[in-house]
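Any value given below was found using the heavy atoms of this structure, including those in side chains, with hydrogens, waters and symmetry copies removed. Quick caveat: nothing in here was measured; it's all calculated off a predicted structure.
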Amino acid sequence: MKELDALLNDWKDNDNQTRKAFSELVDHLKSLADTTLEFVSRPGVSYSLRPRHAAQAKRPLFAMVDVIDDDPDDRWLSVCFYGELVTDPQEAGDLVPEGLLGEDGYCFDMYEYDEQEVAYLKDRLTEAHGNAPE
């Protein structure tokens, strides 16, 4: 997790405050029981946080929280879930056929910090975590 810590330490947030949003989502994932985090760093492309529930057998993760790094001065987030692990009562996500490791998923893009949107994503992360054990 040194790479994750390095990203958070080196990332200078701008007015969009996507670093703040990402940091809050990371803290939330760390608070979920029986969860491990994998971090895949691809500078200039993305930084991907991949949580996994200890009781998962079928899939390597229950969500993907990506920092899109195509412009390091204006990063944005894409948070994706397997379609059957979450609901989207506000219809805020985009259904992406075969969008998450070849399976249908929901992705939520965040271009600037919004407290309600972060809370909604935390609820989806909690929901996916609860539905992940197989």
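Among residues two or more places apart in sequence or in another chain, the salt bridge (charged side-chain N to carboxylate O under 4.0 Å, His left out) test is passed with Asp69 by Arg75. Every side-chain hydrogen bond (donor to acceptor under 3.5 Å, both in side chains) that Ser78 has, sequence neighbours left out, goes to Asp109. With sequence neighbours left out, the side-chain hydrogen bond (donor to acceptor under 3.5 Å, both in side chains) criterion links Thr126 to His28.
Going from atom CG of Leu29 over to atom CG of Leu125 covers 5.0 Å, rounded to the nearest 0.5 Å. To the nearest 0.5 Å, the span separating CG on Asn16 from CG on Asp114 amounts to 12.0 Å. In this structure, OH in Tyr106 is found 10.0 Å from CG in Asp94, a value given to the nearest 0.5 Å.
Residue pairs meeting the disulfide (SG to SG under 2.5 Å) criterion with at least one partner in residues 20-67, sequence neighbours excluded, are absent. Sorted pairs that involve residues 40-55 and meet salt bridge (charged side-chain N to carboxylate O under 4.0 Å, His left out), not counting sequence neighbours, are lacking altogether. The salt bridge (charged side-chain N to carboxylate O under 4.0 Å, His left out) analysis of residues 118-131, with sequence neighbours excluded, yields the pairs Glu24-Lys122, Arg124-Glu127. Within the structure, the disulfide (SG to SG under 2.5 Å) test picks out no pair touching residues 11-75 (sequence neighbours left out). Applying the disulfide (SG to SG under 2.5 Å) definition to pairs two or more places apart or across chains, those involving residues 91-129 are Cys80-Cys107. Counting only residues at least two apart or in different chains, salt bridge (charged side-chain N to carboxylate O under 4.0 Å, His left out) contacts with residues 95-104 comprise Arg59-Glu103. Within the structure, ring pair (Phe, Tyr, Trp, His ring centres under 6.0 Å) contacts touching residues 68-87 (residues at least two apart or in different chains) are Trp76-Tyr111, Phe81-Phe108. Applying the ring pair (Phe, Tyr, Trp, His ring centres under 6.0 Å) test to residues at least two apart or on different chains, the pairs with a partner in residues 31-55 are His53-His129. Each salt bridge (charged side-chain N to carboxylate O under 4.0 Å, His left out) pair with one or both residues in residues 8-21, not counting sequence neighbours, would appear here, but there are none.
Residues Val65 and Val26 form no side-chain contact, since every pair of their non-hydrogen atoms from C-beta on lies 4.5 Å or further apart. Put simply, the side chain of Leu7 does not reach to within 4.5 Å of the side chain of Ser41, judged on heavy atoms. With contacts defined as side-chain heavy-atom distances shorter than 4.5 Å, the pair Glu84/Asn131 does not qualify. Contact check for Leu37 versus Lys30: side-chain heavy atoms found under the 4.5 Å cut-off. Within the 4.5 Å cutoff, side-chain heavy atoms of Leu25 are placed close to those of Leu77. Contact of the Thr18 side chain with the Val67 side chain is not registered, since no non-hydrogen atoms from C-beta on lie closer than 4.5 Å.
Of the possible donor and acceptor atoms, one in the side chain of Tyr120 sits under 3.5 Å from a partner among the backbone N and O of Gln90. Panel note: side chain Asp66, backbone Ile68; no donor-acceptor pair is recorded below 3.5 Å. Using a distance-only test at 3.5 Å, with no hydrogens or angles considered, a donor-acceptor pair links the side chain of Asp88 to the main chain of Gly93.
The two residues Met64 and Ser48 come nearest to each other via the heavy atoms SD-OG, 3.5 Å. Listed here is the closest heavy atom pair of Met110 and Ala21: SD-CB, 3.5 Å.
No continuous path of ILVMFWY side-chain contacts below 4.5 Å connects Val45 to Leu100, so the two sit in separate hydrophobic clusters. Grouping the Ile, Leu, Val, Met, Phe, Trp and Tyr side chains by contacts below 4.5 angstrom, directly or via other members, places Leu101 with Val79.
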Next on the checklist: Please evaluate residues Glu38 and Leu61 with respect to the criterion side chain to side chain contact (heavy atoms under 4.5 Å, CB included), reporting the C-alpha separation (whole Å), side-chain torsions for both, the decisive distance (0.1 Å), and the verdict.
Outcome noted: CA-CA 9 Å; Glu38 177 188 6; Leu61 50 87; 5.9 Å; no
Next on the checklist: Could you go through Asn14 and Asp73, starting from their C-alpha distance and side-chain angles, then the distance that decides it, and tell me whether this counts as side-chain hydrogen bond (donor to acceptor under 3.5 Å, both in side chains)?
Outcome noted: CA-CA 8 Å; Asn14 60 20; Asp73 293 326; over 6 Å; no
